[in-house]
Amino acid sequence: MEKGRTERKLDIAYKYAELNQKSVDMAGIFLREVAKETAIGFLYRDSESGKAKIWIRNDANLLIGRSPSCDIVLTDQHVSREHCVIHTSDNQAFVVPLQPTNAVLIDGEAISRKTLLPDGCRIKLGTIEFHFYHFQ
């Protein structure tokens with residue numbers, strides 16, 4: 001099975017390179033479609049700056065915080081530089097607060113340890129709210 005996965009990765013890389021030579025926009029669209037195909041769900045944020053979807057892949061860790069080195073950078077004074085991690089494993093997503101003082105609310109309830117994210121839940125970090133949708 002690993003050989004099939006490696007071949008799929010090479011196919012994606014070749015297709016991306018081919019499209020990138022023709023059009024950067026086409027290559028970007030292709031990568032977004034691949035992300036959707038391999039995602040277990042997504043975070044959704046509807047803000048005044050526009051709608052944002054962040055695709056969540058299986059076996060991934062997404063660091064969220066104010067630091068520019070984070071995977072998801074939030075500009076909110078109530079969010080720590082490294083606030084929490086979205087961790088995925090076995091097609092499940094969890095949120096892990098990195099400090100006991102980092103407020104993470106799931107559907108309005110404060111959590112202090114690794115917590116499973118149910119489909120459709122609201123995740124609030126500081127004043128910023130996301131919705132998590134899981135592909136079943």
Side-chain angles (χ1 to χ4, degrees):
M1 184 154 124
E2 188 61 39
K3 184 178 180 190
R5 201 178 274 178
T6 301
E7 288 174 359
R8 174 77 173 130
K9 287 180 183 179
L10 283 173
D11 288 345
I12 290 169
Y14 288 133
K15 184 67 173 176
Y16 173 76
E18 177 186 325
L19 288 171
N20 200 38
Q21 288 179 349
K22 295 177 183 176
S23 165
V24 173
D25 290 337
M26 284 176 55
I29 290 168
F30 174 73
L31 285 183
R32 282 191 293 281
E33 291 303 312
V34 169
K36 289 178 196 176
E37 179 183 311
T38 60
I40 66 163
F42 62 90
L43 290 174
Y44 175 77
R45 178 177 175 216
D46 189 4
S47 68
E48 59 281 344
S49 62
K51 297 177 181 176
K53 273 187 186 176
I54 301 161
W55 297 99
I56 308 294
R57 292 181 307 110
N58 197 35
D59 298 323
N61 290 306
L62 293 173
L63 179 61
I64 302 173
R66 285 185 296 119
S67 172
S69 64
C70 289
D71 299 304
I72 300 172
V73 179
L74 303 178
T75 55
D76 182 321
Q77 293 176 338
H78 299 98
V79 173
S80 301
R81 291 182 58 73
E82 293 183 345
H83 199 87
C84 65
V85 171
I86 301 289
H87 170 74
T88 60
S89 177
D90 298 324
N91 290 318
Q92 293 184 317
F94 303 86
V95 65
V96 183
L98 296 178
Q99 297 291 326
T101 57
N102 292 358
V104 176
L105 285 85
I106 306 295
D107 291 331
E109 298 290 324
I111 63 161
S112 59
R113 61 180 181 266
K114 182 177 178 177
T115 303
L116 179 67
L117 294 174
D119 181 45
C121 73
R122 290 172 299 136
I123 306 165
K124 190 167 184 181
L125 309 171
T127 61
I128 297 173
E129 186 171 280
F130 292 95
H131 292 266
F132 173 74
Y133 296 99
H134 188 270
F135 301 139
Q136 308 264 345

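What's counted below: heavy atoms across the whole structure, side chains too, no hydrogens, waters or symmetry copies. Sequential numbering from 1 along the given sequence is applied to the chain's residues.
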Closest approach of E82 to C70 (non-hydrogen atoms, all atoms of both residues): CG-SG, 4.3 Å

Set of side chain to side chain donor-acceptor pair (under 3.5 Å) partners for T75, sequence neighbours left out: none

Gap separating the CD1 atom of I56 from the CG atom of L43, nearest 0.5 angstrom: 4.0 Å

Evaluation steps, side-chain contact (heavy atoms from CB on, under 4.5 Å), between I72 and L74: CA-CA 7 Å; I72 300 172; L74 303 178; 4.1 Å; yes

Rounded distance (nearest 0.5 Å) linking atom OH of Y44 with atom CZ of F132: 16.0 Å

N/O donor-acceptor pair under 3.5 Å between H83 side chain and A103 backbone: yes

Pairs involving residues 63-79, ordered by first then second residue, that meet salt bridge (charged side-chain N to carboxylate O under 4.0 Å, His left out) (sequence neighbours left out): none

Any F130 side-chain heavy atom under 4.5 Å of I86 side chain: no

Nonpolar side-chain network containing L116, other nodes, edges under 4.5 Å: F94

Any pair counted as side chain to side chain donor-acceptor pair (under 3.5 Å), so long as it reaches residues 90-115, sequence neighbours left out: S80-N102

For I64, the option from L125, I54, L98, V85 that meets side chain to side chain contact (heavy atoms under 4.5 Å, CB included): L125

Shortest non-hydrogen separation from I106 to P118 and the atoms involved: CG2-CD, 4.5 Å

Path from V95 to L63 over hydrophobic side-chain contacts below 4.5 Å: no

ILVMFWY cluster, V104 and I128 together (side-chain gap under 4.5 Å): yes

Sequence-distant partners of A60, side-chain contact (heavy atoms from CB on, under 4.5 Å), two or more places apart: R57, T88

Other residues, nucleotides, ligands: >12 heavy atoms within 6.0 Å of H131 NE2: yes

Single-linkage hydrophobic cluster, 4.5 Å side-chain cutoff, I111 and V96 together: no

Whichever hydrophobic residues join V73 through chains of side-chain contacts under 4.5 Å: none

